[in-house]
Amino acid sequence: MTDPRDPDFPAPPPPAPGGGLAARAMAARPMPYLDGLNPAQRAAVEALDGPVLMLAGAGTGKTRALTARIAHLLVMGKAYPSQILAVTFTNKAAREMKHRIGGLLGETVEGMRWLGTFHAICVKMLRRHAELVGLKSNFTILDTDDQIRLLKQVILAAGMDEKRWPARQLAGLIDGWKNRALAPAQVRGADAAAFGNRGSELYAAYQERLLTLNAVDFGDLLLHMVTILRDHPDVLAEYHRKLRYILVDEYQDTNVAQYLWLRLLAQGHRNVCCVGDDDQSIYGWRGAEVGNILRFEKDFPGAQVIRLEQNYRSGPHILAAASGLISANSGRLGKTLWTAETEGEKVRLIGHWDGDEEARWIGDEIEALARGDRAPGRVGLDGQAILVRASHQMRAFEDRFLTIGLPYRVIGGPRFYERLEIRDAMAYFRLAVSPADDLAFDRIYNTPKRGLGEKARQTIQHIARDAGVSLLDGAALAVQSGAIKGKGAAALRLLVEQLARWHAAVLSGVSHIEIAEAILDESSYTAMWQADPAPEAAGRLENLKELIKALEGFDNLQGFLEHVALIMDNETETDEAKVSIMTLHAAKGLEFPVVFLPGWEDGLFPSQRAMDESGLRGLEEERRLAYVGITRAERLCTITFAGNRRLYGQWQSALPSRFIDELPEDHVEVLTPPGLYGGGYGAAGMAFGRALGNAGDSTLETRAARADAYNSPGWQRMAGAAAKATTRPLSTPREARGLVIDAQAAAAFDTGARVFHQKFGYGTVTGAEGDKLSIHFDKAGDKHVVARFLVAAEDAGDVSF
DNA sequence: TCGCTCTCTGTTTTT
DNA sequence: CAGAGAGCGA
């Protein structure tokens, strides 16, 4: 690290502050990036020295200010590119930043080698100091899948039943501890009691295994670096000297480990600029601490706090609706977003009978907007997005859009590098690069099928452990010694030989693309999928081709594997205009002219589970999520809810989200669908009062019902409970009410009665079973329907369906 | 060892 | 309901 030619720190010593170089730089270089900045943005760009907290509301030009600030640092001669540490959470954000700095300066900035995600930067650092935590610098990075497999082994080795003690749960605990920068010995209190009192013991065993494998998981990247910086002042001092300016994006999302890491690095020169928005903190459930941003001023006394409050994205009603909603949260740093825009659409609100109808209506609206038949004017499919709370909500839209032929794209679905075939192929590549990668060997030794089962696996493992060698070497020994016999032995011998050959090829510098192709071909992996008659096999072969194509962007397999371990995004090819469907979480940082926010029902959004597990804190995070959703919209935002939804195969009814009541009325336009609010639908119908426009009279009942929902156990448990309700006393008021309504409703119809159903139309009652009625519908045929969803046919007239 | 059937369990997700 | 994983029979 002291080598002046160190590629990580290529710059000559820093320029004299304020002196000749800076002056010359200023004279010589224009600062076009300052043009058009508003006063707050400009202040944020120019306050280069000392701690700065930039509170940047949604759509206030945060990225612009951040990138301009970096450009300014460079132009002012404050630092060379290599002396700026700029941290983001996602690779996408890092890429965008790099790209935009280049744009501002009119040249590509090559030297910014400390611009990247927390994880990518930590990898780079950790490779330099790996030995300080007992690793070698070529350690491998395990993804979640590897992590789970390893934990399973650890649990098994501890003599625990992996069924009762699922590895996933332990992974969650360990991740949580690592997020909080806790080493096994520091796990205390309730945490220590977790996992049958053996949580920290297993955590320790897992860490042990990781070191033996020369591997780290994602959490370790931060944890190890915090340990190193904390325990080795010389290393820390080096970074203090070299990294003169620190910038952090999305500061509200940092967890404790990231916070400690930053604080250690920043405490030298205190030139740290954190950018964030406490109102957009939506990752508390995975360890983010809003507290980090809330106490910035305490951590860095004398910090300048700069608020970016002018919003350039959304129309005035959208902004006002979002602001009104978020004002229900407590403990905010407080910002007042405003916009120069005066014209714009109100936020639209509409309720639907069920999830299918919601999907149908949104599909129609999207088409209408694409035709130009709606208020803000024509908006193409690319400009429209549906943001859902939970991914299972996507299904209704996909089904609907497939039937009407509306092109859509799901963002954040199964990622390319997480696919089975890609992971298999990657395991082969990993073994070719590092023959001692036991996890990779474990994955592919019998893929494609080589006639090696559990028994062979154990044999290899024992031999390897006894000899103290890798699984691959153990396999070689097993074949030699005849410990594995029969057709499996021949196949295993071949595999061992092949891997040796591929490894030699890697070492001798054969083109990595050739090697990769040879591996997939000679291992018969490709052949395996070619022979597979399953419909998805073709797609998998396509993916493998794409994998090979992706290799072209790299110099060698090592570089590629390194990249993939940290970068799990899939840039989807996009030529055709499509509607985007994604979760609210995935939408953070994006914007669309038109946004649909479906599923605003209590229990779904806000999520019952978030409230059960985290109480008021959980509710507030849900509210921030709602805020993020609304503020994604530029011109039109539509919120919808459904009275009934199918969840795990069962119909559930729900109340409209409490967030709906929190929207300021003046900025909301209620679209009342014909016929839905005739009343008499029980719980769902009652709470639609607000949407009907008769606010006030229903609020008491609505509030009481909400209180039930808030206090009741989790909604999925309730699904089960409702199913068993006939044999068990009713426990929750909500559950009881639903059944009472059903029972009353069922009793209200006699056999032969004419009824009307929102979806199936007119029909005749043919029988009753408990709370359900058998109906012969004139058009839809025979169905079993919960009585509450029916209206007597003669009443249907008033309701104008 | 393979493949079928049964049982269970279902937010949000980046790296 | 639907996907994953375990368990059992061939």
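Chain letters run A, B, ... following the sequence lines, proteins first, then strands; residues in each count from 1.
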Atom pair distance, as rounded to whole Å: [atom1] in [X] and [atom2] in [N]:
| X | N | atom1 | atom2 | result |
| --- | --- | --- | --- | --- |
| A:Q258 | B:dT14 | CD | P | 14 Å |
| A:K588 | B:dT12 | NZ | P | 17 Å |
| A:W600 | B:dT11 | CH2 | P | 22 Å |
| A:H585 | B:dT14 | NE2 | C1' | 11 Å |
| A:I282 | B:dT14 | CD1 | C1' | 11 Å |
| A:I141 | B:dT14 | CD1 | P | 17 Å |
| A:K92 | B:dT15 | NZ | P | 10 Å |
| A:I121 | B:dT15 | CD1 | C1' | 13 Å |

With sequence neighbours left out, what residues match [X] under salt bridge (Lys or Arg N to Asp or Glu O under 4.0 Å)?
| X | answer |
| --- | --- |
| A:R645 | A:E358, A:E601 |
| A:E591 | A:R313 |
| A:E250 | A:K62, A:K588 |

>> I want to confirm an ordering. Mapping A:T90 and A:L625 to their closest nucleotides on DNA chain B, which one lands closer to the 5' end?
In response: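 Of the two residues, A:L625 wins.
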> On DNA chain B, nearest-nucleotide positions of A:E621 versus A:K449: which is more 5'?
Replying inline: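 In this pair, the answer is A:K449.
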> Which two nucleotides bound the region of DNA chain C that has atoms under 4.0 Å from heavy atoms of chain A, read 5' to 3'?
Replying inline: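 Contacts span C:dC1 to C:dA2, reading 5' to 3'.
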> At under 4.0 Å between heavy atoms, what does A:Q393 touch on the DNA or RNA strands: base, sugar-phosphate, or nothing?
Replying inline: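 No contact.
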> Contact class for A:R457 vs. all strands (heavy atom < 4.0 Å): base, sugar-phosphate, or nothing?
Replying inline: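 Contact class for A:R457: none.
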With a 4.0 Å cutoff (strictly under), does any side-chain N or O of [X] reach OP1 or OP2 of [N]?
| X | N | result |
| --- | --- | --- |
| A:T117 | B:dT14 | no |
| A:N446 | B:dT1 | no |
| A:T144 | B:dT15 | no |

> Is the base of B:dT12 touched by the side chain of A:R389 through a donor-acceptor pair closer than 3.5 angstrom?
Replying inline: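 Between B:dT12 and A:R389, which were checked side chain against base, a qualifying N/O pair under 3.5 Å is present.
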>> Whether the side chain of A:R646 engages the backbone of A:W651 through a donor-acceptor N/O pair (distance < 3.5 Å, no angle test) should be reported.
In response: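 Side chain of A:R646 to backbone of A:W651, a donor-acceptor pair under 3.5 Å: no, none is there.
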>> Tell me if a side-chain donor or acceptor on A:N255 pairs with a main-chain N or O of A:Q258 at a distance below 3.5 Å.
In response: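 Yes; judged by distance alone, with no hydrogens or angles, the pair exists.
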> For the side chain of A:Y648, counting heavy atoms from C-beta on, which of B:dT1, B:dG10, B:dC2 is nearest?
Replying inline: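 Closest of the options to the side chain of A:Y648: B:dG10.
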>> If you only use heavy atoms from C-beta on, which nucleotide in B:dT11, B:dT13, B:dT15 is closest to the side chain of A:R609?
In response: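 Out of B:dT11, B:dT13, B:dT15, the nucleotide with an atom closest to A:R609's side chain is B:dT11.
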> What residues form a side-chain contact (heavy atoms from CB on, under 4.5 Å) with A:D175, not counting sequence neighbours?
Replying inline: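 A:Q147.
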> Who passes side-chain contact (heavy atoms from CB on, under 4.5 Å) against A:A328, sequence neighbours left out?
Replying inline: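 Partners of A:A328 by the side-chain contact (heavy atoms from CB on, under 4.5 Å) criterion, ordered by chain and then number, come out as A:R623, A:E662.
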>> Stacking between B:dT12 and A:W285, yes or no? Criterion: centroid separation under 5.5 angstrom, plane angle under 30 degrees.
In response: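 One would call A:W285 stacked on the B:dT12 base.
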>> Determine whether A:Q280 and A:Y627 satisfy the following criterion, side-chain hydrogen bond (donor to acceptor under 3.5 Å, both in side chains), listing intermediate values before the conclusion.
In response: CA-CA 7 Å; A:Q280 292 188 65; A:Y627 173 80; 5.6 Å; no
